[in-house]
S.K.: 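One structure coming up, written as structure tokens, with questions to follow.
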Protein chains: 2
Amino acid sequence: MQNVFAPHDHANCTHSALTTVERACAERGLRLTPIRKRTLEILLEGHHALGAYDVLQKLSDDGLADKPPMAYRALNFLVEHGFAHRVERLNAYIACTHPDADHTPALWICLDCHKVAETVQAAELGQRLGQEGGFSINTLTIEAEGSCQQCRDESSND
Amino acid sequence: MQNVFAPHDHANCTHSALTTVERACAERGLRLTPIRKRTLEILLEGHHALGAYDVLQKLSDDGLADKPPMAYRALNFLVEHGFAHRVERLNAYIACTHPDADHTPALWICLDCHKVAETVQAAELGQRLGQEGGFSINTLTIEAEGSCQQCRDESSND
DNA sequence: CTATAAATGTTATGTTATAACATATCAATA
DNA sequence: TATTGATATGTTATAACATAACATTTATAG
């Protein structure tokens, strides 16, 4: 697990994700317009999931967008191309931390610090589960809510 | 996979689930009030997920409830006690087909026939995934969207 | 330059969910 | 059996999330 729960060089997170996405867009002929790029940057500001209206507020602060469809379109663009993920349990969004990999992520939602981590090893697992019943998987959602190591360590120090 | 996608004796599905839930409530001192029981029956009418407002409409037809909180309370009761599941991807609910088992279900959503199936073998799997990063799982959501065997068989006969 | 596709701007509304508080019912026990 | 505390229901109001539909603008290929 690329551990977003633990202290880390977040500027590097942000920068490398942005660079990777920019390259991917160039390669794939996708347009990372100002609204889309700023939306990604907003999600990259932290590892907390943001709701569409949270993102909209920030876009509005920047004068880039001020109506719900604008935020949803940018978020949907990012999600469709794997640059962000929708967290179903939270009706919210996070930037992808593996934007280079074609993946079905598992999302780990800490109920204490509210950060959301992502791992990529879950895809083949779902495929395997589905095969049993002859189910052909189109998209797979795996989300866990619980507590991260860091928060458990801290609370045991009380 | 208890195959809800294939033709089956649905009256038996309904009856056995209801009986199991009634017994569980008796054993555990839970009150299966008219609204709650009717809500479960409504969900048991088919294997399609129903939104809270769909359920509310039916409760209203029966004169049992006519305000959103009433439907949400009944649904939340059923979900809390494992008698129904919320389908996050659909913002909707299904009756549990294994109400006797303490389980984390995986849900299989067919995009063609729109039925939703449930399997129980997924719990330890999530625990295993989470252990890797020291994450302690409280609740786990596993949902697949795709196509069931039956729908694929039918469409290949065209 | 122009045609076409893609993206953005805008209005309006649909859908899902809960906070907050009042009232009623149940179930244990004084 | 009256009291009481807990649980459930009734009600109002609104919060939170999301999209349909259509107009306008911008990018890009021919």
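Every chain is numbered from 1, with letters handed out A, B, ... down the list of sequences.
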S.K.: Please assess H8(A) against C13(A) for the test side chain to side chain contact (heavy atoms under 4.5 Å, CB included), listing each intermediate value before the final yes or no.
M.R.: CA-CA 9 Å; H8(A) 61 282; C13(A) 274; 3.4 Å; yes
S.K.: Do E45(A) and K58(A) have side-chain heavy atoms sitting under 4.5 Å apart?
M.R.: yes
S.K.: Taking heavy atoms of chain A and a 4.0 Å limit, find me the 5'-most and 3'-most nucleotide of DNA chain C within that range.
M.R.: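 Answer, 5' to 3': dA6(C) to dT11(C).
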S.K.: For V79(B), what are the other residues in its hydrophobic cluster, where any two members join if their side-chain heavy atoms are less than 4.5 angstrom apart?
M.R.: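 Besides V79(B), the hydrophobic cluster comprises L18(B), V21(B), L30(B), L32(B), I35(B), L40(B), I42(B), L43(B), L44(B), L50(B), Y53(B), V55(B), L56(B), L59(B), L64(B), Y72(B), L75(B), F77(B), L78(B), F83(B), Y93(B), listed by chain and residue number.
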S.K.: Taking the side chain as everything from C-beta on, heavy atoms only, tell me whether H114(B) gets closer than 4.5 Å to L90(B).
M.R.: no
S.K.: For DNA chain D, which residues in residues 57-65 of chain A have a heavy atom at a distance below 4.0 Å?
M.R.: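 Going residue by residue through residues 57-65 of chain A, none turns out to have a heavy atom under 4.0 Å of DNA chain D.
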S.K.: List in numerical order all residues of residues 35-43 of chain A for which some heavy atom is under 4.0 Å away from an atom belonging to DNA chain C.
M.R.: I35(A), R36(A)
S.K.: Is there a chain of hydrophobic side chains (I, L, V, M, F, W, Y, each step under 4.5 Å between heavy atoms) that links I137(B) to F5(A)?
M.R.: yes
S.K.: For each nucleotide in nucleotides 23-30 of chain D, reading 5' to 3', give B when a protein heavy atom comes within less than 4.0 Å of its base, S when such contact involves only the sugar-phosphate, and - otherwise.
M.R.: ----S---
S.K.: Quick check on DNA chain D: between P34(B) and N91(B), whose nearest nucleotide comes earlier from the 5' end?
M.R.: P34(B)
S.K.: Is Y53(B) touching bases, backbone alone, or none of the nucleic acid, heavy atoms closer than 4.0 Å?
M.R.: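 Base contact.
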S.K.: Would you list the pairs meeting salt bridge (charged side-chain N to carboxylate O under 4.0 Å, His left out) in which at least one residue belongs to residues 11-36 of chain B, sequence neighbours left out?
M.R.: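 Applying salt bridge (charged side-chain N to carboxylate O under 4.0 Å, His left out) to every pair that reaches into residues 11-36 of chain B, excluding sequence neighbours, yields E22(B)-K37(B).
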S.K.: Judged by atom type as modelled, is there a donor-acceptor pair below 3.5 Å linking the side chain of H48(B) to the main-chain atoms of C113(B)?
M.R.: yes
S.K.: Please report, rounded to the nearest Å, how far the P atom of dA18(D) is from the CG atom of L90(A).
M.R.: 11 Å
S.K.: Applying ring pair (Phe, Tyr, Trp, His ring centres under 6.0 Å), name anything that partners H15(B), two or more places apart in sequence or on another chain.
M.R.: none
S.K.: Hey, what else clusters with M70(A) if you join Ile, Leu, Val, Met, Phe, Trp, Tyr whenever side-chain heavy atoms sit under 4.5 Å?
M.R.: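 Members alongside M70(A): none; it stands by itself.
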S.K.: May I ask whether I142(B) and W108(B) are part of the same hydrophobic cluster, defined by side-chain heavy atoms of I, L, V, M, F, W, Y residues being less than 4.5 angstrom apart, directly or through others?
M.R.: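 Result: yes, single cluster for both.
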S.K.: Find the bend of the helix from dC1(C)-dG30(D) to dA30(C)-dT1(D) as the angle between its two terminal axes (five pairs each), to the nearest 10°.
M.R.: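 If I round to tens, the end axes sit 30° apart.
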S.K.: For a 4.5 angstrom cut-off between non-hydrogen side-chain atoms, does K115(B) reach C148(B)?
M.R.: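 Contact flag for K115(B)/C148(B) side chains = no.
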S.K.: How would you list all residue pairs meeting salt bridge (charged side-chain N to carboxylate O under 4.0 Å, His left out) that involve residues 133-144 of chain B, not counting sequence neighbours?
M.R.: none
S.K.: List in chain and number order the residues that pass side chain to side chain donor-acceptor pair (under 3.5 Å) with D9(A), two or more places apart in sequence or in another chain; answer none if no residue qualifies.
M.R.: none
S.K.: Among all residues two or more places apart in sequence or in another chain, which pass the salt bridge (Lys or Arg N to Asp or Glu O under 4.0 Å) test with E88(B)?
M.R.: R89(A), R86(B)
S.K.: How many whole angstroms separate atom CG of L30(B) from atom C1' of dA6(D)?
M.R.: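 From L30(B) CG to dA6(D) C1': 14 Å.
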S.K.: Which atoms form the tightest heavy-atom contact between P105(A) and E118(A), and what is the distance?
M.R.: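 Shortest heavy-atom contact: CB-CG, 3.6 Å.
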S.K.: Taking CG from N76(A) and P from dA18(D), how many angstroms apart are they, rounded to a whole number?
M.R.: 9 Å
